[in-house]
Amino acid sequence: DSPAEKYEYQAEVSRLMDLIVHSLYSNKEVFLRELISNASDALDKLRFLSVTEPGLMKESLELDIRVQSDKDNGVITITDSGIGMTRQELVDCLGTIAQSGTAKFLKTLKDSKDAGSDNNLIGQFGVGFYSAFLVSDRVVVSTKSPKSDKQYVWEGEANASSYTIREETDPEKLIPRGTRLTLYLKRDDKGFAHPERVQKLVKNYSQFVSFPIYTWQERGFTKEVEVDEDPAEAKKDGENGQTEKKKKTKTVVERYWDWELTNETKPIWLRNPKEVTTEEYNEFYKQTFNEYLEPLASSHFTTEGEVEFRSILYVPAVTPMGKDDIVNPKTKNIRLYVKRVFISDDFDGELFPRYLSFVKGVVDSNDLPLNVSREILQESRIVRIMRKRLVRKAFDMILGISMSENREDYEKFWENFGKNLKLGCIEDRENHKRIAPLLRFFSSQSDQEMISLDEYVENMKPEQKDIYYIASDSVTSAQNTPFLERLVEKDFEVLFLVDPIDEVAIQNLKSYKEKNFVDISKEDLDLGDKNEEKEKEIKQVFGGTCDWIKKRLGDKVASVQISNRLSTSPCVLVSGKFGWSANMERLMKAQSM
Ligand code: ADP
Ligand code: MG
């Protein structure tokens, strides 16, 4: 009989537990969602690993989650038949915070100065296992991994800096495989053990878990029972001369306890899109991706033919924490299933190019092998076709937002993900036609509201051939540039490229609807109104002045020329046709510093 061994938590864990308890005190009920999500992950892992190691499933157990609650004693147990944990895994998983979800949570708290006041923000993160201590004084985790022949018990208490691990010796408590968590609720939180409350929480927060979740519920049924007749009645009858006892039937309610299936287990993406409501899509999104805000758009589709798969994609309403992750392809935003078995959410550009890595969703394929590996994914022709279709659908979805009657929706999208689309102009030539109509810019005629290239083209003058732009560091400085003068005079609209990436993006696009993008700060700007005769005349008059200025400036300028591009300013510095624009030069300088 091995005694319990004591372990200290990694320092961050104690801090994390403290933070969780302090920042989520008003949102305690998330604990159940977190623990059920861990149970579901453990089942997913088992199902996935057993494809290549069938021995893991040798205990023929249903893959399910059972939540039993004892309201009189304030105890909740959550049991799954998943992958379980070995002794070492208990130490690694429940004693340190190497895990992704919780690490992200910690980072957010660090990033936001006044985290404690923003519970809503924190609510969107998976805070993980330690949320059990939001409501529990003591947590016991008894777990049996199919990789180990022993079952181990992890035990921890709220506000403690250590935990213990021992071997399970009580034969009554042995389980064939998986994990059983027992929560001993705090005095004030015992209400969570009310079976109806558990049922409601599961329905609200874990509706879309794809394994059955059973809760232990009291039920009743009515039945007719024969009872002896009331003695008073019998006496009355007796007066009438009938002496033998009479039987009578009565309806009674029998009470008993049983497991009740509490969630819908058919994955939402397998349902007919006509029968799924927007609320259900949004709820699925929030539960699957631990999001707090509803998505901006969703798209549910099936593709048939060469490659068959089903998918639901979403555009989030906000950018992920930390702007630097904007184009991080390792977002865990796409969950890949093969024939309903969860395979992976760890992609690096295989299913979406990195500039679209903000798109979230699930993809379920019938054509990939269940034991699909990273190498297979990268080489698979099927995956390439899937990627093409997914990207197309993502663009359709974004286009849908841009056509929404509510202009604010697209403004919100653009503010969050505009940079990603501009990056797409640079990295994804193949999709230029899809990206270009989605771009937005300020212009000389619209400095408050951004316009699309379509709006620009519609507003072009009949004699105007090109799409004009000026790159600058702000709308104000673009408005004040002398380069604008002649164009304003002719009523030609000029796009203001004020985001550093804009200019490169536009240069990559080269043209839109057969109209070239033209930088108005470059030499040789042709506004289609050249008058050769007049130019010759002016050159004769001012040629000497130009030579004189060039002499004075020497190497500081490449040449001094007479131009027709100004109307009120006397002169302007322009860039050479093939050189960098002034804006680019500024950016390059800033980068090399
Ligand atoms: P996350 O789920 O984001 O990884 P958690 O704090 O929720 O973080 O869980 C930490 C780790 O503990 C999990 O990654 C998993 O390895 C392990 N774990 C938690 N619950 C279970 C369970 N029911 N079965 C097996 N492993 C579990
Ligand atoms: Mg978790």
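Note that these values count all heavy atoms, side chains included, but never hydrogens, waters or copies made by symmetry.
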Is any side-chain heavy atom of [X] closer than 4.5 Å to a side-chain heavy atom of [Y]?
X	Y	answer
Gln151	Ile175	yes
Phe129	Val141	yes
Val140	Glu155	yes
Ser357	Asn333	no
Leu423	Ile501	yes
Tyr281	His300	yes
Asp137	Arg187	no
Ile312	Ile268	yes

So Glu226 and Thr249, side-chain hydrogen bond (donor to acceptor under 3.5 Å, both in side chains) or not? Walk me through it. CA-CA 4 Å; Glu226 282 195 340; Thr249 58; over 6 Å; no
Around atom [atom1] of [X], are there more than 12 heavy atoms from other residues, nucleotides or ligands closer than 6.0 Å?
X	atom1	answer
Lys186	NZ	yes
Glu218	CD	yes
Asn159	CG	no

Is the backbone of [Y] close enough, under 3.5 Å, to the side chain of [X] for a donor and an acceptor to pair up by distance?
X	Y	answer
Asn420	Tyr355	yes
Ser40	Ile36	no
Asp367	Glu308	yes
Ser210	Thr265	no
Thr288	Tyr285	no
Ser131	Gly128	yes
Asn416	Lys412	yes
Asn263	Pro212	no

Restricting to pairs with a member in residues 65-96, which pass ring pair (Phe, Tyr, Trp, His ring centres under 6.0 Å), not counting sequence neighbours? none
Matching residue for Val362 among Phe342, Trp269, Tyr314 - test: side chain to side chain contact (heavy atoms under 4.5 Å, CB included): Trp269
Side chains of [X] and [Y], donor plus acceptor under 3.5 Å:
X	Y	value
Asn282	Glu294	yes
Glu260	Thr215	no
Glu350	Gln378	yes
Thr86	Ser145	no
Asn38	Glu34	no
Glu168	Ser142	yes

Just checking Phe347 against Phe352, ring centres under 6.0 Å apart? no
side-chain contact (heavy atoms from CB on, under 4.5 Å) between Ser298 and Leu313, intermediate numbers included: CA-CA 5 Å; Ser298 66; Leu313 299 179; over 6 Å; no
With a 4.0 Å cut-off on N to O distance, would you call [X] and [Y] a salt bridge?
X	Y	value
Glu5	Arg87	yes
Glu280	Arg271	yes
Glu291	Lys360	yes
Lys28	Asp189	yes
Asp44	Arg47	yes

Salt bridge (charged side-chain N to carboxylate O under 4.0 Å, His left out) between Glu53 and Lys147: does it pass, once the steps are laid out? CA-CA 11 Å; Glu53 275 177 82; Lys147 289 174 273 178; over 6 Å; no
Could you go step by step and tell me if Gln199 and Gln217 meet the side-chain contact (heavy atoms from CB on, under 4.5 Å) rule? CA-CA 8 Å; Gln199 188 180 47; Gln217 298 294 335; 3.4 Å; yes
Report the distance from atom [atom1] of [X] to atom [atom2] of [Y], rounding to the nearest 0.5 Å.
X	Y	atom1	atom2	result
Phe133	Asp18	CZ	CG	12.5 Å
Phe208	Lys286	CZ	NZ	10.5 Å
Lys45	Leu49	NZ	CG	8.5 Å

Over all heavy atoms of both residues, which pair between Glu8 and Ser162 is shortest? Give the atoms and the distance, please. OE2-CB, 3.7 Å
List the steps, then state whether side-chain hydrogen bond (donor to acceptor under 3.5 Å, both in side chains) holds for Glu29 with Tyr205. CA-CA 9 Å; Glu29 60 191 33; Tyr205 289 116; 2.5 Å; yes
Checking side-chain contact (heavy atoms from CB on, under 4.5 Å) for the pair Arg180/Asp80: CA distance, chi angles, key distance, verdict? CA-CA 6 Å; Arg180 170 169 298 153; Asp80 66 68; over 6 Å; no
Is there a side-chain contact (heavy atoms from CB on, under 4.5 Å) between Thr77 and Leu181 once you walk through the steps? CA-CA 5 Å; Thr77 60; Leu181 256 78; over 6 Å; no
Answer yes or no on whether Lys393 is positioned over the face of Phe301, meaning its NZ or CZ is under 6.0 Å from the six-membered ring centre and within 45° of the axis.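 Yes.
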When the ring planes of Tyr9 and Tyr130 are compared, do they come out parallel, tilted or perpendicular, using 30° and 60° as the limits? perpendicular
Considering only distance and modelled atom types, tabulate donor-acceptor pairs under 3.5 Å from the side chains of residues 63-74, sequence neighbours left out.
| from | atom 1 | to | atom 2 | distance (Å) |
| --- | --- | --- | --- | --- |
| Asp64 | OD2 | Arg66 | NE | 3.2 |
| Asp64 | OD2 | Arg66 | NH2 | 2.9 |
| Ser69 | OG | Ala193 | O | 3.1 |
| Asp70 | OD1 | Asp72 | N | 3.1 |
| Asp70 | OD1 | Asn73 | N | 3.1 |
| Asp70 | OD2 | Asn73 | ND2 | 2.6 |

List the atom pairs, with distances to 0.1 Å, where a side-chain N or O of residues 383-391 and a protein N or O form a donor-acceptor pair under 3.5 Å, not counting sequence neighbours.
| from | atom 1 | to | atom 2 | distance (Å) |
| --- | --- | --- | --- | --- |
| Arg387 | NH1 | Gly349 | O | 2.5 |

